[in-house]
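So the structure is just underneath, and the comments pick up after that.
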Amino acid sequence: MGDEAKSTSKLVPVGILLILLGIFLPLTVARLLGAKPLTLALALLIDGLRLCFFIGVGCVLLGWLRNHGPKRG
């Protein structure tokens, strides 16, 4: 009868990708630079990549709430 395709939020996969980037990329950049002194731009890049982790957590939570929130009739 009602074969409506359930629309799911794309925030969950985007959030998972951001979490993974926020975990692995700052470590990789820091290893590539080694013991070199960081310039302001590189320090901001690493901090921005770490911020991706928290943005990803927020995206996953929002996507989960949108997918499993109150059902509309």
Side-chain angles (χ1 to χ4, degrees):
M1 307 265 203
D3 274 341
E4 295 179 17
K6 181 180 176 187
S7 63
T8 59
S9 176
K10 293 184 179 19
L11 285 174
V12 174
V14 169
I16 291 172
L17 178 68
L18 286 173
I19 289 171
L20 292 175
L21 289 177
I23 291 173
F24 293 114
L25 277 183
L27 298 173
T28 305
V29 170
R31 281 191 197 134
L32 288 175
L33 295 175
K36 295 180 188 176
L38 292 178
T39 62
L40 178 62
L42 289 174
L44 288 175
L45 172 69
I46 291 174
D47 288 342
L49 290 171
R50 289 181 181 149
L51 184 63
C52 284
F53 174 81
F54 297 104
I55 293 171
V57 170
C59 286
V60 168
L61 289 174
L62 285 174
W64 183 81
L65 286 174
R66 287 180 70 186
N67 287 341
H68 299 303
K71 305 297 179 200
R72 295 180 201 145

Checklist line | From Leu44 atom CG to Thr39 atom OG1, the distance as rounded to the nearest 0.5 Å | finding: 8.5 Å
Checklist line | Ile19-Phe54 co-clustered via ILVMFWY side chain contacts under 4.5 Å | finding: yes
Item checked: Heavy-atom pair with the smallest gap, counting every atom of Pro26 and Leu49 -> CG-CB, 3.6 Å
Check: Does one hydrophobic cluster hold both Ile23 and Val12, with members joined at side-chain heavy-atom distances below 4.5 Å?
Finding: yes
Next item on the list: Group every Ile, Leu, Val, Met, Phe, Trp and Tyr by side-chain heavy-atom contacts under 4.5 Å, then state whether Leu45 and Phe53 land in the same group.
Entry: no
Item checked: Reported CD1-to-SG distance for the pair Ile16 and Cys59, which is rounded to 0.5 angstrom -> 11.0 Å
Notebook entry, point to check: Transitively linked via ILVMFWY side-chain contacts under 4.5 Å: Ile46 with Phe24?
Noted result: no
Note to self: Membership question, hydrophobic clusters at under 4.5 Å side-chain separation (ILVMFWY): are Leu65 and Val57 in the same one?
What the structure shows: no
